[in-house]
Amino acid sequence: MKQGTALFTGLVLAILVLAPLLLIAAEAFQPQPSSSPGAVSALQSLGQDRYFWEAFGGTLRLAGLATLFAVPVGLGIALLMNYAPPPARRLWEPLVLVPFLMPPYLTAVAWSLLAGPMGLIQQNVHAFGMPLESFLYSLAGMAAVMALHLSPLSYVLLRAALGNSDPALNKAARIHGAGAMRAFATAILPGILPAMAAAALLIFLASAEEFGVPAVLSSYAGIRVLSTTVEEAMNVWPVDLPRAAAVGLILSLLGFVAWVLYRPLAKDNRGQVGRRESTPCWWSLTPILAFVLLATLLPIGAITAVSLEKAITAGFHPANLTWRHYGHILSSGSSAFLALRTSILLSLSVAIGTMLLALLSATVVHRGGAGSRWIDLLATLPNAFPGVVLAVGLILFWNAPWNPLPLYGHLAILGVAYATVTFPYAFRHARTGLSQVPTVLEQAGRVHGASPFGVFWRIRVPLAWPLLISGATVVFALSMRELVTSLLLQPPGVQVISTYVFNQFQQGNMGDGMAMSVIGVLSSALILGLARGTLQR
């Protein structure tokens with residue numbers, strides 16, 4: 001029974017994750033037809049491609065700058081929250097985390113509406129319009145937008161590390177005459193360096209594979225990156241699958257190295273954020289409020305303002321306000337309403353199916369034995385590969401002539417893509433939930449005659465259900481915002497929330513796109529809020 005379950009789970013994960021990645025490698029190494037003898041593979045031809053090297057360098061510079069911006073910001077906020085918390089810390093902490101709920105491409109769109117040509121800032125504060133526009137459409141500006149999205153991730157990791165540190169060391173250093181900075185450098189910093197390295201690697205990985213921010217800003221900034229290069233090979237006629245696979249393989253290797261380095265650091269830095277009683281400091285409100293303003297209030301305010309305007313160039317005043325865009329989104333039969341309904345139903349189906357598979361996989365890993373390490377590796381492997389690369393692999397696999405289930409071109413391919421991308425998050429929640437079930441309860445159930453399935457259904461699931469529900473809601477929220485796989489895999493005539501917003505922005509129809517964005521952000525916040533409430537209960 002155990003071997004059959006492990007075999008089934010491993011087979012499903014191999015189809016979801018491993019097969020697409022293997023086909024990418026095969027496509028990249030396959031010799032290309034050529035009129036001259038000695039044809040080379042697409043991967044070999046990249047060495048002579050100056051556009052590839054330009055994109056490779058742009059990716060490294062962009063990811064490096066985003067990491068350089070995000071880690072210090074996250075560390076600074078974590079230090080303030082831990083040692084000099086502002087008044088009403090419980091109010092400010094969620095506001096610091098809100099930017100991570102917004103899709104990165106939406107943050108880029110929001111800042112384009114704020115600081116772009118004829119943006120809200122230029123309409124109202126003319127002195128800052130041009131300098132902000134020049135900064136936004138540059139390498140540093142793109143990195144700053146990414147950092148606004150990823151700094152909360154850095155904050156969470158470093159806040160946990162600081163919460164687990166020993167405050168007595170810092171007090172001892174201060175008692176022996178060290179100043180605040182020296183006490184931090186000698187007593188606190190050595191203990192959180194592994195967490196800082198983990199945060200830096202994770203942010204570098206996320207920035208290197210990011211597609212949405214470069215897709216919105218890079219064409220204006222004149223910067224090429226690998227993720228958009230893969231997308232161009234897929235969406236610009238003639239479609240060049242070998243080039244997309246070759247560039248995607250290089251991007252995957254870059255991400256895989258960062259992921260391999262990150263995993264042991266992450267294992268060494270698990271734990272809960274410690275709540276330490278500290279006297280509230282009013283001065284710490286200034287830097288925290290500045291971050292919340294730049295990362296949360298201004299982007300959400302820009303999206304909301306544009307969603308209510310009749311014409312974006314007419315400015316934000318009562319005569320230019322309307323609810324028409326929301327009416328169009330929610331009117332039955334409109335393309336926007338169909339996209340909203342498709343996203344909700346598809347994400348709900350993916351959340352249920354992915355969580356069931358994650359529960360099965362976590363059960364196999366929890367039991368141990370042959371194959372459990374293999375399943376654990378496959379379950380977390382999608383974290384190492386960019387979504388744009390997984391999308392190329394899914395096309396190669398599910399559109400292959402020999403595949404008996406040619407899902408490409410059907411709505412089911414989006415469900416498979418969402419399940420593949422979000423599976424590591426579902427698996428993490430399922431595994432954590434099962435690990436909280438005391439072994440003695442399972443043993444007692446077996447002693448009293450319960451079957452393995454009875455123990456699983458009547459003991460494990462009831463005790464783990466809060467984390468299972470939380471995992472399902474996270475998968476739902478992530479599926480609702482997934483962009484790059486949706487753009488590359490959406491069947492003809494089908495749209496989801498992310499592609500609708502992106503297409504409306506590209507076409508200049510800002511009002512409807514931003515109204516859909518507001519609905520998407522609010523729904524994600526509501527879903528994740530319910531998940532957090534479930535965990536706390």
Side-chain angles (χ1 to χ4, degrees), residues 46 49-70 99-100 102-117 133-151 153 202-236 240 243-244 246-252 254-255 258 295 299 385-392 421 481-489 498-499 501-507 513 517:
L46 291 182
D49 188 343
R50 68 180 182 88
Y51 294 109
F52 163 75
W53 289 110
E54 183 182 339
F56 185 77
T59 299
L60 292 181
R61 293 194 302 272
L62 182 60
L65 269 179
T67 304
L68 191 63
F69 290 162
F100 198 63
M102 293 179 61
Y105 72 89
L106 192 55
T107 303
V109 168
W111 274 100
S112 294
L113 296 174
L114 281 166
E133 181 183 339
S134 300
F135 175 75
L136 178 64
Y137 298 119
S138 66
L139 182 69
M142 291 169 58
V145 170
M146 285 188 181
L148 290 177
H149 172 71
L150 293 171
S151 291
L153 179 61
L202 192 60
I203 290 171
F204 183 89
L205 173 61
S207 302
E209 69 180 36
E210 174 57 31
F211 169 80
V213 174
V216 173
L217 300 177
S218 65
S219 59
Y220 300 98
I223 297 167
R224 299 178 66 90
V225 295
L226 293 177
S227 58
T228 55
T229 301
V230 175
E231 189 267 344
E232 287 170 5
M234 297 294 298
N235 275 348
V236 177
D240 193 347
R243 175 178 170 79
V247 177
L249 186 61
I250 298 297
L251 182 57
S252 298
L254 184 65
F385 294 93
V388 66
V389 176
L390 289 172
V392 174
V421 171
R481 59 182 271 183
E482 177 60 28
L483 174 63
V484 63
T485 56
S486 302
L487 281 175
L488 293 179
L489 297 172
S498 57
T499 59
V501 173
F502 188 80
N503 291 334
Q504 295 300 308
F505 176 77
Q506 296 290 91
Q507 296 167 11
S517 300

Looking only at non-hydrogen atoms, find the nearest pair between [X] and [Y] and report the distance.
X	Y	result
A147	A66	CB-O, 4.0 Å
G248	V230	N-CG2, 3.8 Å
L62	A143	CD1-N, 3.6 Å

Roughly how far, to the nearest 0.5 Å, is [atom2] of [Y] from [atom1] of [X]?
X	Y	atom1	atom2	answer
L150	L202	CG	CG	8.0 Å
S112	L136	OG	CG	5.5 Å
T107	M102	OG1	CE	4.0 Å
L106	S498	CG	OG	11.0 Å
L68	S207	CG	OG	11.0 Å
T59	I223	OG1	CD1	10.5 Å

Check whether any side-chain N or O of H149 sits under 3.5 Å from a backbone N or O of P103 as a donor-acceptor pair, and report yes or no.
no
With sequence neighbours excluded, what pairs up with E482 under the side-chain hydrogen bond (donor to acceptor under 3.5 Å, both in side chains) test?
T485
Can you list everything that forms a side-chain hydrogen bond (donor to acceptor under 3.5 Å, both in side chains) with T499? Sequence neighbours excluded, please.
Q490
Per the salt bridge (Lys or Arg N to Asp or Glu O under 4.0 Å) rule, what does the pair list look like for residues 210-225, sequence neighbours excluded?
R224-E232
Can you list every pair that meets salt bridge (Lys or Arg N to Asp or Glu O under 4.0 Å) and has a residue in residues 49-68, with sequence neighbours left out?
D49-R243
Who passes ring-ring contact (aromatic ring centres under 6.0 Å, His included) against F69, sequence neighbours left out?
none
Go through the structure and list residues passing ring-ring contact (aromatic ring centres under 6.0 Å, His included) with Y137, not counting sequence neighbours.
Y220
Ring geometry between F211 and F502 (parallel below 30°, tilted from 30 to 60°, perpendicular above 60°):
tilted
